[in-house]
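Everything numeric here is computed off the predicted structure, so don't read it as measured data.
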Amino acid sequence: VTTPAQTFRGSHLIYCLGAHSPVAADINVAALPYQLIRGQTSLAAATAASAKLRCALSGASYISPAWQGLHCFGATFIHHDANTDWRSSEEQANRAELAALNPALAQILLADGLPQAKGHAALRCDSPDHLPIVGPLADIRAMQQSYGLHTPCPYLPDAYINTAHGSRGLATAPICAAAIAADILGRPNPLSPRIRTALHPNRTIIRALIKQQPLLQN
């Protein structure tokens, strides 16, 4: 694998590209169906009272414990918008959600006169069925030609993908990475066969074939 900085060599290749998955150089990654969802977070300077928060509070929105003197809270969900500029309208939406989640914290953190820092906006990578896309990569064009012929799936050699974790990547990406590592090393897998099937990249290809919507033109 060659990047502008250097060339890497290894026995296996795992694509962990998040929101960059739709523009991957490998068409077998880029052609899979994704949904990109814009999200903007907000930041608030911790106070002596808010610094006592020891776990994340989560409901329709969330707020995390202070890190480096700041609480992160939010976040917005904007479909069909691939821009990552900061927006005051979404800042206000996050503040309203925090007030609904925990009025006491909102009153403490968003009081007039307290210094406020800007959060940031980024894109989440999701899949149409809202499950991660995790597992070995197939040669999509070859699969489109051979599907239903009772032949082995034409997998790309030693290539895997771990993406489309949506807004829950901190929880799901590590165990999915462990599942891929277990496959490569021949060790017991931390995910059940049922879950591995549900997350398998081929599910998206098969659905497209059933609907007669090939992902790649032959």
Under-4.0 Å salt bridge between Arg168 and Asp126: no
Single-linkage hydrophobic cluster, 4.5 Å side-chain cutoff, Leu131 and Ile175 together: yes
Joint cluster assignment, Ile133 & Leu13, ILVMFWY side-chain distance < 4.5 Å: yes
SB check Arg141 Asp139 (cutoff 4.0 Å): no
Spacing of CD1 belonging to Ile205 relative to SG belonging to Cys153, to within rounding of 0.5 Å: 7.0 Å
Test: Arg95 and Glu91 ion pair at under 4.0 Å: yes
Test: Arg124 cationic atom under 6.0 Å from Phe77 six-membered ring centre, within 45° of axis: yes
Hydrophobic cluster identity match, Met143 and Ile161, side-chain contacts under 4.5 Å: yes
Single-linkage hydrophobic cluster, 4.5 Å side-chain cutoff, Ile14 and Leu137 together: no
Gap separating the CG atom of Leu36 from the CD1 atom of Ile78, nearest 0.5 angstrom: 14.0 Å
Reported CG-to-OG1 distance for the pair Leu32 and Thr204, which is rounded to 0.5 angstrom: 4.5 Å
Worked verdict on Thr76 versus Gln40 for side chain to side chain donor-acceptor pair (under 3.5 Å): CA-CA 5 Å; Thr76 57; Gln40 180 173 305; 5.8 Å; no
Polar contact flag, side-chain donor to acceptor under 3.5 angstrom, Asn28-Asp26: yes
Nearest heavy-atom neighbours spanning Ser58 and Leu101: C-CD1, 4.1 Å
Ile63/Cys72 under side-chain contact (heavy atoms from CB on, under 4.5 Å): CA gap, chis, key distance, verdict: CA-CA 6 Å; Ile63 182 169; Cys72 179; over 6 Å; no
Taking every non-hydrogen atom, the tightest pair across Asn162 and Ala173: ND2-O, 3.5 Å
Candidate pair Ser64 and His71, rule side chain to side chain donor-acceptor pair (under 3.5 Å), full reasoning: CA-CA 6 Å; Ser64 65; His71 293 279; 5.4 Å; no
ILVMFWY cluster, Tyr15 and Leu216 together (side-chain gap under 4.5 Å): yes
